[in-house]
Asker: 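Have a look at this one.
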Protein chains: 2
Amino acid sequence: MDVARSELFETGTPVACASCQARHGVVCGALSSGQLRELNRHSLRRKIEAGCEIIAQGSESSFYSNIMRGVVKLCKVMQDGRQQIVGLQFAPDFVGRPFIRESSLSAEAATDAEICVFPRNLLDRMISETPELQRSLHDQALKELDAAREWMLTLGRRTAGEKVASLLYLIATHAEPQTATSTAFDLPLSRAEIADFLGMTIETVSRQMTRLRKSGVIRIENFRHIIVPDMDELERMISA
Amino acid sequence: MDVARSELFETGTPVACASCQARHGVVCGALSSGQLRELNRHSLRRKIEAGCEIIAQGSESSFYSNIMRGVVKLCKVMQDGRQQIVGLQFAPDFVGRPFIRESSLSAEAATDAEICVFPRNLLDRMISETPELQRSLHDQALKELDAAREWMLTLGRRTAGEKVASLLYLIATHAEPQTATSTAFDLPLSRAEIADFLGMTIETVSRQMTRLRKSGVIRIENFRHIIVPDMDELERMISA
DNA sequence: GGCATGCTTTGATCTAGATCAAACAGCGAT
DNA sequence: ATCGCTGTTTGATCTAGATCAAAGCATGCC
């Protein structure tokens with residue numbers, strides 16, 4: 001499943017990141033059209049299968065990316081194998097750690113995804129030349145920080161039931177289309193990944209899911225597809 | 001204990017932030033001397049007692065600050081009273097959430113502290129005019145993000161014993177002076193605060209502390225003062 | 001001093017969630 | 001179809017850590 005770093009960058013479909021020119025992506029929105037042209041000349045758009053590693057924990061990565069489609073999970077693992085998902089990213093998020101080459105976490109496609117890959121050196125130069133871009137990445141970092149801290153509260157102080165409800169709520173909120181109050185979406189994560197996000201075991205995740213199902217808060221079809229008839233009801237399970 | 005927001009800004013010792021001119025503080029290091037002079041004219045240095053709230057969760061704050069001395073804890077509380085410390089900040093960290101007025105967390109002095117208080121409007125202007133400052137704050141945000149994610153791993157996947165060891169290691173690392181391998185420091189947090197940082201109860205914190213004491217990894221004097229004879233030993237307890 | 005007050009430690013018990021162990025899908029390959 | 005594989009649910013039991021309850025121990029106040 002893994003894709004070596006160099007491979008990721010060198011074997012991608014060599015197509016300029018056309019749709020970035022719209023206004024997708026944290027990066028592209030902040031660039032002048034001249035910069036965008038230069039960036040496009042040196043960037044690749046690449047399809048990534050679910051499970052593919054984009055950046056490996058502990059590695060030095062020589063590129064950044066923008067998520068164009070799909071969900072990416074950020075993960076930390078301990079050498080004894082315990083692991084914790086520390087962030088979920090959706091289009092049009094930026095992936096990569098500005099200013100530090102060695103990654104303290106791995107980034108992996110949770111679903112099939114498409115990303116735009118930029119060479120690190122070029123983008124670093126553009127960051128330093130473009131306050132607008134710096135601001136844009138600063139914004140994203142702060143957004144991720146807010147999300148991380150919200151999640152710390154969930155990890156430290158919520159019960160198993162509240163944790164699962166929090167996760168479903170998070171996903172439902174980011175999975176776009178939703179009718180008036182009811183919402184349907186595909187879970188981008190397996191039970192095992194959910195467990196790693198919530199700091200618990202898959203058995204407990206499963207039990208809490210069926211508890212939510214039996215109490216009518218959610219409906220489950222095909223393990224992955226979830227329907228929330230009433231989002232307010234789900235929100236009430238979280239005990240914000 | 002609380003200090004109203006306006007009070008915090010209006011009743012501080014009206015002394016220009018002289019020592020910032022050295023190079024203390026995330027903010028001051030990034031400014032030109034002209035900007036620094038202007039900032040100083042509108043800023044206050046203020047002594048804060050342990051327990052004083054600097055920013056209240058849910059409030060709109062009209063200022064930022066720089067920690068000059070002491071430790072500040074960032075805290076989130078749920079309406080049923082459960083709470084979680086989501087960050088610890090030390091001099092010369094910056095306190096405040098750029099670009100968003102309403103705070104999703106509270107900032108409170110964990111120890112007696114000294115801060116420099118800046119009006120938000122002025123600093124926001126300077127941020128937009130000074131890429132160097134933007135970069136500096138971006139750096140701090142990324143540093144906090146790394147710390148938050150490291151802590152998510154601790155909250156989600158480490159045992160009680162590992163959690164306490166992680167906390168002691170974190171504090172020991174930030175409390176400055178340390179001889180070759182041995183380290184001594186004052187805990188900036190009470191047992192209850194430690195519990196809120198680690199997502200556990202004070203009883204469990206206490207038990208784990210005495211376990212570490214009995215196994216010789218730490219020595220405890222006066223509840224607050226800790227001696228770590230061998231930092232490597234402590235590090236081994238963490239199981240990174 | 002003597003006594004209230006707020007931490008902190010220690011002990012006894014309880015329980016939410018982990019662990020161990022099966023069954024139960026869904027699904028692609030033969 | 002049947003087999004094998006992987007992911008999920010469900011059940012039975014166990015345990016780390018929570019909860020409940022009582023002492024210690026400093027510190028400040030009268």
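The sequence lines fix the lettering, A, B, ..., with proteins before strands; numbering per chain opens at 1.
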Asker: Looking only at side chains, do B:Arg46 and B:Ser65 share a donor and an acceptor under 3.5 Å apart?
Answerer: no
Asker: For B:Ile202 and D:dA21, give me the distance from atom CD1 to atom P, rounded to whole Å.
Answerer: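 Result: 15 Å.
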Asker: Nearest whole Å is fine: how far is C:dC7 P from B:Leu187 CG?
Answerer: 15 Å
Asker: Which whole-number value in Å describes the distance from A:Arg207 CZ to C:dA21 P?
Answerer: 15 Å
Asker: Assign each of A:Glu203 and A:Phe223 to its nearest nucleotide of DNA chain C by heavy atoms, then name whichever residue's nucleotide is nearer the 5' end.
Answerer: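 In this pair, the answer is A:Glu203.
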Asker: Figure out the NZ/C1' separation between B:Lys163 and D:dA18, and round it to whole Å.
Answerer: 12 Å
Asker: If you go through the side-chain atoms of A:Arg224, does one of them form a donor-acceptor pair with the base of D:dG7 closer than 3.5 Å?
Answerer: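 No such pair is found, so the answer is no.
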Asker: Is any side-chain N or O of B:Thr204 closer than 4.0 Å to OP1 or OP2 of D:dG17?
Answerer: no
Asker: Which nucleotide in the list C:dA18, D:dT9, C:dT10 gets nearest to the side chain of B:Arg213?
Answerer: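 Per side-chain heavy atoms of B:Arg213, the pick is C:dT10.
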Asker: When you check the phosphate oxygens OP1 and OP2 of D:dT10, does a side-chain N or O of A:Ser206 lie under 4.0 Å from one of them?
Answerer: no
Asker: How is A:Met209 classified with respect to the nucleic acid when contacts are heavy atoms under 4.0 Å: base, sugar-phosphate, or nothing?
Answerer: nothing
Asker: Would you say B:Thr159 places a side-chain N or O within less than 4.0 Å of OP1 or OP2 belonging to D:dA16?
Answerer: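 No, because none of the side-chain N or O atoms of B:Thr159 sits under 4.0 Å from OP1 or OP2 of D:dA16.
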Asker: Which one of B:Val72, B:Asp93, B:Leu189 satisfies the side chain to side chain contact (heavy atoms under 4.5 Å, CB included) criterion with B:Leu88?
Answerer: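 For B:Leu88, the side chain to side chain contact (heavy atoms under 4.5 Å, CB included) check succeeds only for B:Leu189.
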Asker: With a cut-off of less than 4.0 Å, is there a side-chain N or O of B:Arg191 near OP1 or OP2 of C:dT9?
Answerer: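 Yes, within the criterion.
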Asker: I need the CD-P distance between B:Glu162 and D:dG17, as an integer number of Å.
Answerer: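 It works out to 9 Å between those atoms.
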Asker: OP1, OP2 of C:dA18 versus side-chain N and O of A:Thr201: anything below 4.0 Å?
Answerer: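 A:Thr201 to C:dA18 OP1/OP2: side-chain N or O found under 4.0 Å.
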Asker: Between A:Gln140 and A:Phe94, is there a donor-acceptor pair closer than 3.5 Å when you use the side chain of the first and the backbone of the second?
Answerer: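 Indeed, once roles are kept as given, a pair shorter than 3.5 Å links the two residues.
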Asker: Are the ring centres of B:Phe63 and B:Phe118 closer than 6.0 Å?
Answerer: no
Asker: Please say whether more than 12 non-hydrogen atoms of neighbouring residues, nucleotides or ligands are located less than 6.0 Å from CZ in A:Arg224.
Answerer: yes
Asker: A:His225 NE2 to D:dG7 C1': how many Å, rounded?
Answerer: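 One finds 19 Å between C1' of D:dG7 and NE2 of A:His225, rounded.
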Asker: Send over the distance from A:Glu221 CD to C:dA25 C1', rounded to a whole Å.
Answerer: 16 Å
Asker: What is the distance, rounded to the nearest whole Å, between atom CG of A:Asn222 and atom C1' of D:dT8?
Answerer: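 Rounded to the whole Å, the gap is 12 Å.
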